There are 2 protein chains.
Amino acid sequence: MIEVINTSKEMSRVSDNIKKSGKNISFVPTMGALHRGHLSLISKAKKSGDAVIVSIFVNPTQFGPKEDFAKYPRNLKKDLALLKPFAPLIVFAPSAKNIYPNDFGTFVDVEDLSCKLCGEFRPGHFKGVATVVLKLFNIVKPDFAFFGKKDYQQQLLIKKMAKDLNLNIKIVTCPTIREKDGLALSSRNAYLSPVERKSASLIYKALKTAKKMAKSKNAEKIISFIKRFLAASPLIKVEYASIVKKANGAAQILIAVKIGSTRLIDNILI
Amino acid sequence: MIEVINTSKEMSRVSDNIKKSGKNISFVPTMGALHRGHLSLISKAKKSGDAVIVSIFVNPTQFGPKEDFAKYPRNLKKDLALLKPFAPLIVFAPSAKNIYPNDFGTFVDVEDLSCKLCGEFRPGHFKGVATVVLKLFNIVKPDFAFFGKKDYQQQLLIKKMAKDLNLNIKIVTCPTIREKDGLALSSRNAYLSPVERKSASLIYKALKTAKKMAKSKNAEKIISFIKRFLAASPLIKVEYASIVKKANGAAQILIAVKIGSTRLIDNILI
């Protein structure tokens, strides 16, 4: 059975009961418009044997005033049909009013991470993400929470927030799921016209080639290669291409582009 | 027995065990330098029959660069002696490094409340308060948390944060405890010289007289009376005197003054 819950109060009560019964909760927060990327997270969550809660909430505070909040795809009926094979499952689908009452005014900021990369192009975005995820965590009370690696900076931010705010939640990051031509699955791919869709496949091709180059070339050469490679399509406007070093010595190449008015991101480990 | 715990990890583990045993947790966050005001909160917390946890932590992020963080009184041994009559009790006394590791960088801001009144004179103060209280809540996992009414804006802020971030914690506000001459108990009273201490008693006298005036006079007259009344002492510098209306139709007069370099606050219901 798929149980749909619409208010924070009821969700919180149901979560309390699950915890009291001694079960763990695995949580997959989404904005709906579910695709195979989301389903892979839910599939992973289900494997634990925990109670699984999926939230569907298009979070207004993470969209800029000129961004696609209004047109972001919403289709709960279709989403629920896609979730059916995962029953039993709890879906938390609150209204914006329920999450942000009129007098709402408390925000969380992961200061170091919220202004870089995507944060530079989407001011306020990560403050909105951190705030809603913390609220959802407090309502759903998960032991595990699942995020996709496609939103690389987002999962870094959530991990940092969980550590900094002493949340006792294990953040699990799952691999990016791709179309046959390599394009990372995203609810925003639906915005692309056929010709835009075709050029979008260049993003992952650029990343794969850059990964091969990484054995012999330095960061500067790799970045300038990516920019030249993507310039091959007049439809693609690169917001940034960047290499982020990790604590373990590895690095990640991150790309954000605009194709028409559609913003797409992707990344690869090198 | 008084059990003293020094790390977040151990505190979190102990709290988890208390919750698993089916007990509630009542929490009294303090900065130490305990006085009868703190003890009244602990006494109230003990009455519930819950496990009681008292934190002692002088929180660096709520002090401005020119404020009294360095000189703030710290005497754990004396504090523990004062707590002895409340045994069994758990004292959480972490180091600053344990609460704020080097790479720490996530802050909580209750935007509407953090810039007014005290926030105007102590920029960043309430961001530090909200952040540390949220961290302590996440570590200690209380069902009830106790705050004094002397810090009126602080308890409003914590209640707002708890509501906005969906914390399932009941915030209990307790009456201000006073010296015989009416001065509200504060760890900072220890900074006052005998002559400053004497003039400090004017603060509550001003509030009490203002409360009587409130039946017949308007807000403007009351505020100007308070300012004139306190101007009687050349040692007192008023930061603000303000009347805040409440949802239930009542109101609160709030005062903040500097006496020498010591900042004191007080308030009264009208």
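Note on naming: letters A, B, ... go to the chains in the order of the sequence lines (proteins, then strands), and numbering restarts at 1 for each one. Because the structure is predicted, anything quoted here is derived from the model rather than measured.
Between B:V129 and B:I158 the shortest side-chain heavy-atom distance falls below 4.5 Å.
Atom NZ of A:K246 sits in a crowded spot, with more than 12 heavy atoms from other residues, nucleotides or ligands closer than 6.0 Å.
Ring geometry for A:F137 versus A:F147: interplanar angle over 60°, hence perpendicular rather than tilted (30 to 60°). Relative ring orientation between A:F107 and A:F104 is described as perpendicular, the plane-to-plane angle rising above 60° on a 0-90° scale split at 30° and 60°.
Between chain A and the residues B:K160, B:M161, B:K20, the most heavy-atom pairs under 4.5 angstrom are made by B:K160. When each of B:L113, B:L136, B:L165 is scored by its heavy-atom pairs under 4.5 Å with chain A, the top score falls to B:L165. For chain B, the option among A:D109, A:D16, A:L157 with the highest count of heavy-atom pairs below 4.5 Å is A:D109. Put simply, of A:K141, A:K135, A:K19, A:K127, the one with the most heavy-atom pairs under 4.5 Å next to chain B is A:K135. Across A:L134, A:D103, A:D112, the residue that shares the most heavy-atom pairs under 4.5 angstrom with chain B is A:D103.
A donor-acceptor distance shorter than 3.5 angstrom exists from the side chain of A:D79 to the backbone of A:A33, with no hydrogens or angles considered.
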